[in-house]
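What you see is a predicted model; the values in this text were computed from it and never measured. Counting starts at 1 for both ligands and their atoms, in listed order.
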Amino acid sequence: MKNIVVLGSTGSIGKNTLEVVRNLKDKFRVVGLSSNSRWELLAEQVEEFKPEYVALNDCESVEKLRRRFHKNQLNILTGSNCLKEIVSREEVDVVVSAVVGAVGLPAAIATIEQGKMLALANKESLVMAGHIVMPLARKDQILPVDSEHSAIFQSLHSGKPCEVKRVIITASGGPFYDYPMEKLSDVTPAQALKHPTWQMGQKITIDSATLMNKALEIIEAKWLFDLRIDQIDVVIHPQSIIHSMVEFCDGSVIAQMGMPDMKVPIQYALTYPERSPLMVQSLDLSSVGSLTFKKPDMEKFPALRLGYQAAKEGGTMGATLNAANEVAVQAFLVGKIQFTEIASYVEKVIHNHHFIKNPCLGDILAADTWARQEVKKCLI
Ligand code: NDP
Ligand code: MG
């Protein structure tokens, strides 16, 4: 029996994780849950899973939750360190990091430093500070939840690290892949939030539409699998059936496939190296019909080009790109900027930033703060 904490349990990955855990009751006991402000859903989850701890960011929500549960019944952690505190409880064995954004980084570092398993959905932690996070982790201590990285991780088991030629990350292309380039500036948040194949949180759905999600995933893959940038290719695959591939030195390409359902990579991260039965739709290739592939268009989707640039340059580039993107996506969602301006703001900020090649955590956090302020300044 392993004790598990789910950071971001009220989000899309968080809810899918609890669904997985509900079916693995003999293997996992939920000891901690967390959310930003959705305290009512968090309260329902507390009633079902009966964790000892919750971490809740928003002060007003904390008061509401306090009124609902007696203090002997539930420990409520709050304040800027609450995610780090909850993963640091002694009884915790496994942490699923499913919070969105830079806020996940300190808790990811604490989890690894304390030798606990980290099932990582929060790709932002690696994008910002892969060079700090990865050297702290032992082999297979960080298990990828991101579907592409889970696919690569699974495919890598077909050979040795020195036999890997390259990885091929698939991308659905989002809702606008075939949209005329000149009309992209007019797309609305409602249009951008309609993802063709995956149901996800708002931020990653917008990132999928700009292809910034793929940009972040290139950086995530570089760190997770210790790859050179010329070993990371992206291909557009609108059906999202092949979740990614690995090409080995003998020309064999191993792919991991399945219907798009995040419960599969979540469960694999939790049960690895074993597999457990899971109620998901079976892949019926004859009803899928055809699997198609296209070259990514970096002119139409400049975010992808920026992702390659940040992956190549390293240093503070990833943190700056990520922070600028987080603020720009929020600005787009509230109607302050156009869809195409998201990538323009990010490009401007990474271009102007004071680059540090070997940044410490303090430098990373400072770059994050600076990039957020830069985008905000332009928005006034
Ligand atoms: P959601 O927006 O659905 O959920 C985010 C979770 O984080 C919620 O529980 C939210 O709480 C919490 N949260 C948000 N801001 C804060 C904060 N400042 N402090 C503490 N908690 C916070 O996101 P997703 O589940 O879609 O994505 C989560 C992560 O997983 C992201 O890094 C994403 O890139 C990655 N990922 C997601 C995939 C998906 O299919 N959704 C696929 C692959 C990766 P509240 O509910 O109160 O707002
Ligand atoms: Mg992904």
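- By the 6.0 Å contact criterion, NZ on K357 is enclosed, its count of non-hydrogen atoms from other residues, nucleotides or ligands being greater than 12.
- A side-chain N or O of S172 and one of H195 form a donor-acceptor pair less than 3.5 Å apart.
- Between E163 and K160 there is a salt bridge, since a side-chain N of the basic residue sits under 4.0 Å from a carboxylate O of the acidic one.
- Distances from atom 37 (C) of ligand 1 to the heavy atoms of I13, N57, T205 put I13 nearest.
- If you look at Y272 and H157, their ring centroids are closer than 6.0 Å.
- Using a 3.5 Å distance cut-off with no hydrogens or angles, the side chains of D368 and N322 do not pair a donor with an acceptor.
- Using a cutoff of 4.0 Å between basic side-chain nitrogens and carboxylate oxygens, E124 and K203 are scored as salt-bridged.
- Side-chain contact of H353 with T316: a donor-acceptor pair under 3.5 Å is present, judged by distance alone.
- For a threshold of 3.5 Å applied to N or O pairs, the pair formed by G14 and ligand 1 contains no separation below that value.
- Summarising the geometry of I242 relative to A255, their closest heavy-atom pair is CG2-CB, 3.9 Å, with the distance given to 0.1 Å.
- Between E47 and R68 there is a salt bridge, since at least one side-chain N of the basic residue sits less than 4.0 Å from a carboxylate O of the acidic one.
- Under 4.0 angstrom from ligand 1, the non-hydrogen atoms of R38 come from both its backbone and its side chain.
- The distance cut-off of 2.8 Å around the Mg ion (ligand 2) captures these protein N, O or S atoms, sorted by chain and number: D146 OD1, E148 OE1, E217 OE2.
- Remark: minimum distance from atom 31 (C) of ligand 1 to any protein heavy atom is reached at V99 O, 3.7 Å.
- On a distance-only criterion, S34 and ligand 1 share no N/O pair closer than 3.5 Å.
- When all heavy atoms of N3 and E91 are compared, the closest pair comes out as ND2-O, 2.9 Å.
- Counted by atom type alone, S286 and D284 present one or more donor-acceptor pairs between their side chains at under 3.5 Å.
- At the shortest separation from atom 28 (C) of ligand 1 among protein heavy atoms lies A98 O, 3.3 Å.
- Within the structure, salt bridge (Lys or Arg N to Asp or Glu O under 4.0 Å) pairs that include any residue of residues 210-235 comprise K123-E217, E148-K214, R166-D233, K214-E217, R228-D230 (at least two apart or interchain).
- Heavy atoms of N36 found under 4.0 angstrom from ligand 1 belong to the backbone as well as the side chain.
- The protein heavy atom nearest to atom 43 (C) of ligand 1 is D146 OD1, 3.1 Å.
- Residue contacts with ligand 1: L83 is placed with no nitrogen or oxygen under 3.5 Å of a nitrogen or oxygen of the ligand (distance criterion only).
- Within ligand 1, the atoms closer than 4.0 Å to a non-hydrogen atom of A121 are 30 (O), 32 (O), 35 (C), 36 (N), 44 (C), numbered from 1 in the order shown.
- Using a 4.0 Å cut-off between heavy atoms, K203 makes no contact with ligand 1 at all.
- Shortest contact from atom 36 (N) of ligand 1 to any protein heavy atom: I204 CD1, 3.6 Å.
- The shortest N or O to N or O distance between Q202 and ligand 1 is not below 3.5 Å.
- Q45 and R38 share no side-chain donor-acceptor pair at under 3.5 Å.
- For ligand 1, the atoms closer than 4.0 angstrom to any heavy atom of G11 are 1 (P), 3 (O), 4 (O), 8 (C), 9 (O), 25 (O).
- In this structure, atom 34 (O) of ligand 1 lies nearest to the protein heavy atom K123 CE, 3.2 Å.
- Residue-level proximity to ligand 1 for S12 is carried by backbone and side chain together, each with a heavy atom below 4.0 angstrom.
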